[in-house]
Structure formats: structure tokens, C-alpha cells
> 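Handing you a structure now.
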Amino acid sequence: MKQFLEILGVIALAQGVAGLVNEFTDWDWGLVQGLDFLDGFEIYASVALLVLAFALFAAAESRKPG
């Protein structure tokens with residue numbers, strides 16, 4: 001379970017960073033930009049993904065190994 005939470009954290013972290021990089025550099029990559037219902041809220045969604053990633057990492061650290 002710990003590894004699963006860490007993997008989800010890495011994915012959320014990568015997508016959050018990709019969303020912020022896209023907003024500030026106009027590179028066209030990341031999941032957040034592909035979702036039409038988030039149009040206009042990409043920065044908020046990317047920050048939320050970063051917060052989720054850190055929460056997942058914290059939850060993984062509190063679990064027992066295995």
C-alpha cells in the first residue's frame with residue numbers, strides 16, 4: 001500500500017508540475033490542459049495536484065512498509 005501511495009504521489013506531482021509549466025511557458029503537455037471542464041482553472045487544478053501529491057507522500061510515510 002505504501003508503494004501504491006508513493007506512485008500516485010509521483011503521478012500527481014508530475015501532472016501538477018506539468019500544468020504549471022504549461023501555464024507559464026505555453027508548452028502543450030500535461031493532463032490538466034486536456035480536460036475541458038478545467039478551462040480557466042488550470043493553475044488552481046495544478047496547485048491542487050501538488051497539494052494532493054504531498055498529502056499522498058505524507059500518507060505513505062505514515063504507513064508501515066509493505
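Both backbone and side-chain heavy atoms feed into the values below; hydrogens, waters and symmetry mates do not.
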> Treating Ile, Leu, Val, Met, Phe, Trp and Tyr as nodes and any side-chain heavy-atom pair under 4.5 angstrom as an edge, say whether W29 and L20 lie in one connected cluster.
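The answer is yes; both residues are in one hydrophobic cluster.
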> Kindly give the heavy-atom pair with the smallest separation between A53 and L13, and that separation in Å.
CB-N, 3.5 Å
> Would you please name every residue forming a side-chain contact (heavy atoms from CB on, under 4.5 Å) with S62, sequence neighbours left out?
none
> Should E6 and M1 be marked as a side chain to side chain contact (heavy atoms under 4.5 Å, CB included) after you check the CA-CA gap, both sets of side-chain angles, and the distance that decides it?
CA-CA 9 Å; E6 289 174 345; M1 185 67 164; over 6 Å; no
> Could you give the distance from CG (L50) to CD (Q15), rounded to the nearest 0.5 Å?
10.5 Å
> Which heavy atom of G30 sits nearest to which heavy atom of A18, and what is that distance?
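Shortest heavy-atom separation between G30 and A18 comes out as CA-CB, 4.0 Å.
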> Using the rule that two of Ile, Leu, Val, Met, Phe, Trp, Tyr join whenever any of their side-chain heavy atoms come within less than 4.5 Å, decide whether V21 and F41 are in one cluster.
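Result: no, two separate clusters.
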> Once rounded to the nearest 0.5 Å, what's the spacing between atom CD1 of I11 and atom CG of L52?
11.0 Å
> Please report the C-alpha distance between F57 and V10 in whole Å, then the side-chain angles of each, then the deciding distance to 0.1 Å, and finally whether the side chain to side chain contact (heavy atoms under 4.5 Å, CB included) criterion is met.
CA-CA 8 Å; F57 290 140; V10 167; 4.1 Å; yes
> Can any side-chain N or O of E42 pair as donor or acceptor with the backbone N or O of Q33 at less than 3.5 Å?
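The answer is no, because no donor-acceptor pair under 3.5 Å joins these two groups.
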> Rounded to the nearest 0.5 Å, what separation is found between the CD1 atom of I43 and the CG atom of L38?
12.5 Å
> Spell out, yes or no, whether I7 and F54 are grouped together once hydrophobic residues are joined by side-chain heavy atoms under 4.5 Å, including indirect joins.
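No, because I7 and F54 fall into different hydrophobic clusters, even though each may have its own neighbours under 4.5 Å.
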> Look up atom OG in S46 and atom CZ in F24, then write down how far apart they are to the nearest 0.5 Å.
9.0 Å
> Are V32 and Y44 connected in the hydrophobic side-chain network, where two residues link if heavy atoms are under 4.5 Å apart?
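No; tracing contacts between hydrophobic side chains, which count when under 4.5 Å, never links both residues.
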